[in-house]
Amino acid sequence: MGVVALVAVLIVKFAALETLVTTGDWIALLIAPVLARAALPALFVTTPYVRSNGLGTPIVENMPRHGATTVVGVVLLAIPLLTGLHGLWMLLSGVVAFAALRALMIQRIGGTTGDTAGALVELLETTTLVVASVA
């Protein structure tokens, strides 16, 4: 099932990328990866890391929380200010997807792992690209 999910995400992402490139929406191509990767510090600050020996353990334990919160806040403020309504729709879809995926992680495994963090990045990026391609 994991391979099927990965292929489905890649097909959807490819279709959204093709639409955005065709229409020349270059700003959306910049916003999507920035927003998706800005979600990682937010995830690590707000969600328990469930593997005590995982590769992400040192990151979570040593991450400066104030700095991480500042970076996330700057990204959340900058996107709508610099891009207007189009970026705001991408931001809102990313926030909703983040909240839903985080809730699912907590429900299923009690927190996050490196694998779920990677999945979060890919799914947020895909979500924001799809929203940008239809908005």
Side-chain angles (χ1 to χ4, degrees):
M1 291 309 294
V3 172
V4 172
L6 179 63
V7 170
V9 167
L10 290 174
I11 289 170
V12 170
K13 187 184 280 190
F14 178 81
L17 287 169
E18 194 274 330
T19 300
L20 293 171
V21 169
T22 301
T23 60
D25 191 357
W26 304 111
I27 195 72
L29 296 173
L30 294 172
I31 292 172
V34 169
L35 185 59
R37 276 132 189 102
L40 286 176
L43 180 69
F44 289 141
V45 167
T46 64
T47 312
Y49 193 80
V50 296
R51 289 192 180 146
S52 60
N53 295 337
L55 293 176
T57 302
I59 294 170
V60 173
E61 290 175 351
N62 298 309
M63 182 175 53
R65 297 203 180 275
H66 179 69
T69 305
T70 301
V71 167
V72 171
V74 167
V75 169
L76 292 177
L77 287 174
I79 288 175
L81 290 176
L82 297 175
T83 61
L85 190 58
H86 188 57
L88 182 61
W89 284 117
M90 292 177 69
L91 177 64
L92 290 175
S93 69
V95 169
V96 169
F98 174 86
L101 291 168
R102 182 182 175 277
L104 188 61
M105 288 177 210
I106 291 172
Q107 176 190 3
R108 299 281 295 224
I109 62 171
T112 189
T113 66
D115 292 336
T116 60
L120 176 84
V121 169
E122 290 304 316
L123 292 171
L124 281 181
E125 190 172 305
T126 302
T127 300
T128 55
L129 288 170
V130 168
V131 167
S133 68
V134 298

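Linking Ile, Leu, Val, Met, Phe, Trp and Tyr residues whenever their side-chain heavy atoms come within less than 4.5 Å leaves F14 and L10 in two separate clusters. Placement of I27 and L76 within a single hydrophobic cluster is found when ILVMFWY residues are connected by side-chain heavy-atom separations under 4.5 Å, directly or transitively. When the side chains of ILVMFWY residues are joined at heavy-atom separations under 4.5 Å, either directly or via intervening members, V75 and V95 end up in a single hydrophobic cluster.
In this structure, H86 and I31 have side chains that are not in contact, with every pair of non-hydrogen atoms separated by 4.5 Å or more. Looking at heavy atoms from C-beta onward, L124 lies out of side-chain contact with L35 at the 4.5 angstrom threshold. With a 4.5 Å cut-off on side-chain heavy atoms, R37 and V71 do not count as touching. Side-chain atoms of W26 and L20, non-hydrogen and from C-beta on, never get closer than 4.5 Å to each other. Within the 4.5 Å cutoff, the side chain of T116 has no heavy atoms near those of the R108 side chain.
Residues G87 and I79 approach most closely at O-CG2, 3.5 Å, considering heavy atoms. Nearest approach of F44 to A117, heavy atoms of both residues: CZ-CB, 4.0 Å. Residues L123 and V9 come closest through the heavy atom pair CD2-CG2, 3.7 Å. Shown here for V72 and A38, the closest heavy-atom pair between the two residues is CG2-O, 3.3 Å. When every heavy atom of P48 is checked against every heavy atom of G110, the shortest pair comes out as CG-O, 3.8 Å. Residue L91 comes nearest to P80 through the heavy atom pair CD2-CD, 3.8 Å, listed as atom of the first residue, atom of the second, then distance.
Note that the OG1 atom of T47 and the CD1 atom of I106 stand 5.0 Å from one another [nearest 0.5 Å]. Put simply, CG on L101 and OG1 on T112 are 10.0 Å apart, with the number rounded to the nearest 0.5 Å. Atom CE of M63 and atom CZ of R65 lie 5.5 Å apart (nearest 0.5 Å). To the nearest 0.5 angstrom, L43 atom CG is 10.0 Å from Y49 atom OH. Here the CG atom belonging to D25 is positioned 9.5 Å from the OG1 atom belonging to T83, to the nearest 0.5 angstrom. How far CG of L81 is from CG of L77: 6.5 Å, rounded to the nearest 0.5 Å.
A side-chain donor from one of T22 and E18 sits under 3.5 Å from a side-chain acceptor of the other.
In this structure, the side chain to side chain contact (heavy atoms under 4.5 Å, CB included) partners of A32, at least two apart in sequence or on a different chain, are M90, E125, T128, L129.
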Using the side-chain contact (heavy atoms from CB on, under 4.5 Å) rule, take M105 and L120 through it: C-alpha gap first, then chi angles, then the decisive distance, then the call. CA-CA 10 Å; M105 288 177 210; L120 176 84; 4.0 Å; yes

